[in-house]
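Okay, so here's the structure we're looking at.
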Amino acid sequence: MRVRRTHVLAAGVAVVASAVVAVGTGLGFAETAPARQSVCQGSVTFSAEGGGPAATSDRIAVGTRLRVTNLDNGRAVTVVVTGPSGSCVLLNAAAMDLVREPGKNVVRRNVVERLDGGGTPAQPGGAPAQPGAQPGAQPGGATAAPPARPSACQGSVTFSAEGGAPAATSDRFAVGTRLRVTNLDNGRAVTVAVTGPSGSCVLLNAAAMELVREPGKNVVRRNVVEVLR
C-alpha cells in the first residue's frame, strides 16, 4: 500500500510541474530561440561616442550594416560600422538608447545580424579606420541603402490609436505572426506580434509607432516589413 501511494504522489507532482511550465510559457516567461543566428556572441555594450546611431567592431568591415535586436524588449536598431573597437559590436550612445531597457547599460540577450557586405575591414588592435565616407552611410550614422531583404508589405506603414505594448494588426498575416518593421529613413526598427485583423498589410499600434517614427511624422513611407520565422 505504501508503494502504491508513493507512485501516486510522484505522478501528481510531475503533473503539477508540467502545468506550471506550460502556464509560465503561455504568460511569456519563456522565450523561443532567436529566429536567426547571431554573428556576435555575448553581451552588447556601448561607448560614450556621440552622433547618430552607429557601431564599431573588431572583426566586421567598416561600412557593413548590422541590425542589433534586444530580445528582452523586441527593440532593434540598424547601424553602420564606422571603425574598429575591441568588441564584436560596440554601439555608440545613440544606438544603445534605442534598444536598451531603462537603467541598463548592457544587452545580454541579443541577436546581431549582418545586413550586407562591408568595405574596408576594421583594423585589429584599434588601428584607425580608413578615412572617407562609408558605403551606404549618411550623416549621423543612419543609412538609406536599399533593404537587404524584400518587404512583405508594399506602401506606407501607419498606426492606430490602440494602446498597450508594441504590437500590430494585419489583413493578411495570422494572429501570432512576428514581424520586424524598419524605418529606412532613421534606421529604427521594432519587432511586433500580430494581435488581430485590420484593413492594412501591417498597422502598428501607438507604442510600436513611437519606436520607429521620426519626430512629428505619423507615417513611415520608406520601410521594410519582414516576417520572422
Side-chain angles (χ1 to χ4, degrees), residues 22-39 44 53 65-79 95 97-102 107 109-116 136 142-229:
V23 171
T25 302
L27 291 176
F29 299 148
E31 176 119 18
T32 56
R36 301 180 180 86
Q37 185 175 0
S38 182
V39 298
V44 169
R65 295 172 61 238
L66 302 174
R67 178 186 291 116
V68 181
T69 302
N70 183 340
L71 295 177
D72 288 326
N73 58 17
R75 293 185 177 184
V77 62
T78 300
V79 293
D97 280 339
L98 294 177
V99 295
R100 78 161 107 207
E101 294 184 275
V107 180
R109 298 181 62 252
N110 62 79
V111 173
V112 180
E113 299 171 81
R114 188 194 304 265
L115 300 184
D116 54 25
T143 177
R149 303 178 182 89
S151 182
C153 294
Q154 302 302 315
S156 300
V157 168
T158 56
F159 78 108
S160 67
E162 187 176 3
T169 52
S170 175
D171 65 358
R172 67 198 68 183
F173 298 116
V175 171
T177 303
R178 294 174 61 244
L179 304 173
R180 179 186 288 119
V181 181
T182 302
N183 184 341
L184 295 177
D185 288 326
N186 59 16
R188 293 184 177 183
V190 62
T191 300
V192 293
V194 175
T195 58
S198 69
S200 303
C201 180
V202 59
L203 184 69
L204 299 178
N205 70 350
M209 179 59 88
E210 284 296 334
L211 294 176
V212 295
R213 76 158 116 207
E214 294 183 275
K217 293 187 178 180
N218 293 328
V219 61
V220 180
R221 301 189 185 283
R222 299 182 61 252
N223 63 79
V224 173
V225 179
E226 299 171 79
V227 180
L228 303 182
R229 301 297 182 186

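For residues 194-212, the salt bridge (Lys or Arg N to Asp or Glu O under 4.0 Å) pairs, not counting sequence neighbours, are E210-R213.
The two residues A152 and F173 make their nearest non-hydrogen contact at CB-CZ, 3.8 Å. Annotation for A207 and P166: closest pair CB-N, 3.8 Å, computed over non-hydrogen atoms. When all heavy atoms are compared, the tightest approach of A208 to A167 is CB-O, 3.7 Å.
Interatomic distance, R67 CZ to E226 CD, rounded to the nearest 0.5 Å: 4.5 Å. From E162, atom CD reaches atom CG of N205 across 6.0 Å, with rounding to the nearest 0.5 Å. In this structure, the separation between CG on D72 and CZ on R100 is 14.5 Å, given to the nearest 0.5 Å. With rounding to the nearest 0.5 angstrom, the CG atom of L98 is 10.0 Å from the OG1 atom of T78.
Here the side chain of N218 pairs no donor or acceptor atom with the backbone of T158 at under 3.5 angstrom. A donor-acceptor distance shorter than 3.5 angstrom exists from the side chain of N183 to the backbone of V212, with no hydrogens or angles considered. A distance-only check finds no donor-acceptor pair linking the side chain of T69 to the backbone of L71 [under 3.5 Å].
Using a 4.5 Å cut-off on side-chain heavy atoms (C-beta onward), L66 and R114 make contact. Taking the side chain as every heavy atom from C-beta outward, L204 and V181 approach each other to under 4.5 Å.
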Pair V220-M209, side-chain contact (heavy atoms from CB on, under 4.5 Å): steps then yes or no: CA-CA 9 Å; V220 180; M209 179 59 88; 3.9 Å; yes
Distance-only donor-acceptor pairs under 3.5 Å for side chains of residues 187-201, two or more places apart:
unit_1 : atom_1 : unit_2 : atom_2 : d
T195   : OG1    : A168   : O      : 3.3
S198   : OG     : T169   : O      : 3.4
S198   : OG     : T169   : OG1    : 3.2
S198   : OG     : S170   : N      : 3.3
S198   : OG     : S200   : N      : 3.4
S198   : OG     : S200   : O      : 3.4

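In the displayed structure, R221 atom CZ is contacted under 6.0 Å by at most 12 heavy atoms of other residues, nucleotides or ligands.
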